[in-house]
Each structure stands twice: as structure tokens, then as C-alpha cells.
Amino acid sequence: MIKRLFSKYFELVFWVAALVALAFTNPAGPAHFSLCPLKAMGFTWCPGCGLGHSISWLFRGNIRNSFHAHWLGIPALCIILYRIYTLFIQRVIHPDTFSGYR
């Protein structure tokens, strides 16, 4: 039963929790721990670094800082919100049509 619930709702919960965490993160605050593997290897540039700050700025309504943090932040947020919407429809509204957890 737990395995079924985990496989059914994990991705939905993951994306919602990630956006909630970004909504409460202060993008102007001091630097924090990074999960970026390129930064851990000592590279100074990474194509994905700044996406979290960009989305966090968007939640505050600051589009200029969002675009400055990473220019793909706005499309990334739109894609993630669309994915949450489709997962919600598949898993919650019409769970009988989703067969991935059986």
C-alpha cells in the first residue's frame, strides 16, 4: 500500500514541495548549500545555476531580478506548473485512467 501511494504521488508531492520551498527561500539572502554537481567539482559556471533564484524572484513578483538570475526561470516555472497540473488531473481527478502504480 505504501509503495502504491509512493509511486502514485511522489512526483506530484516533489514538485509542489520544491515550489513551496522556493517560495519561502530568500533569493537575496546569503549563499547557502548548493546541490549543483558542477559547483562541487569547482566549476564557476553552470547552465542550471540561478534557476532556483529566478523562480524565487518570480514568486515575489520581481521579473527583472528573475530574468537577471536566469533567463529560463520564467519558462521553467511555467513547465513545472503545467506538470503539476497534469499530474493532479491524472492522479487525483481521474485516477482510474492512470495505470502506472498497479
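By convention here, the first residue in the shown sequence is residue 1.
- A distance of 12.0 Å separates SG in Cys49 from CZ in Phe43, rounded to the nearest 0.5 Å.
- Cluster partners of Trp57, using a side-chain heavy-atom cutoff of under 4.5 Å among ILVMFWY residues and allowing indirect links: none.
- Ser7 places a side-chain N or O within donor-acceptor distance of the main-chain N or O of Lys3, the cut-off being under 3.5 Å.
- The two residues Val92 and Pro95 come nearest to each other via the heavy atoms O-CD, 3.4 Å.
- Atom CG of residue Leu87 and atom OH of residue Tyr82 lie 10.5 Å apart, to the nearest 0.5 angstrom.
- Side-chain contact check for Leu19 versus Leu81: some heavy-atom pair is nearer than 4.5 Å.
- With no hydrogens or angles considered, no side-chain donor-acceptor pair links Thr25 and Ser56 at under 3.5 Å.
- Hydrophobic clustering keeps Ile55 apart from Ile79 (ILVMFWY residues linked when any side-chain heavy atoms are closer than 4.5 Å, directly or through intermediates).
- Counting Ile, Leu, Val, Met, Phe, Trp and Tyr side chains that sit under 4.5 Å apart, directly or through other members, Phe67 shares a hydrophobic cluster with Leu51, Trp71, Leu72.
- Looking at Arg91, its side chain never comes within 3.5 Å of a backbone N or O of Tyr9 through a donor-acceptor pair.
- Although no hydrogens or angles enter the test, the distance criterion places a donor-acceptor pair under 3.5 Å between the side chain of His70 and the main chain of Pro47.
- Note on residues 10-22: pairs passing side-chain hydrogen bond (donor to acceptor under 3.5 Å, both in side chains), not counting sequence neighbours, are Glu11-Trp15, Glu11-Arg83.
- In this view, Ile2 satisfies the side-chain contact (heavy atoms from CB on, under 4.5 Å) rule with no residue, not counting sequence neighbours.
- To the nearest 0.5 Å, the span separating CD1 on Ile93 from OH on Tyr85 amounts to 9.0 Å.
- Between Ser54 and Gly73 the shortest heavy-atom distance is OG-CA, 3.1 Å.
- By the side-chain contact (heavy atoms from CB on, under 4.5 Å) test, Ile63 pairs with Leu58, Ile74, sequence neighbours left out.
- Residue pairs meeting the salt bridge (charged side-chain N to carboxylate O under 4.0 Å, His left out) criterion with at least one partner in residues 49-61, sequence neighbours excluded, are absent.
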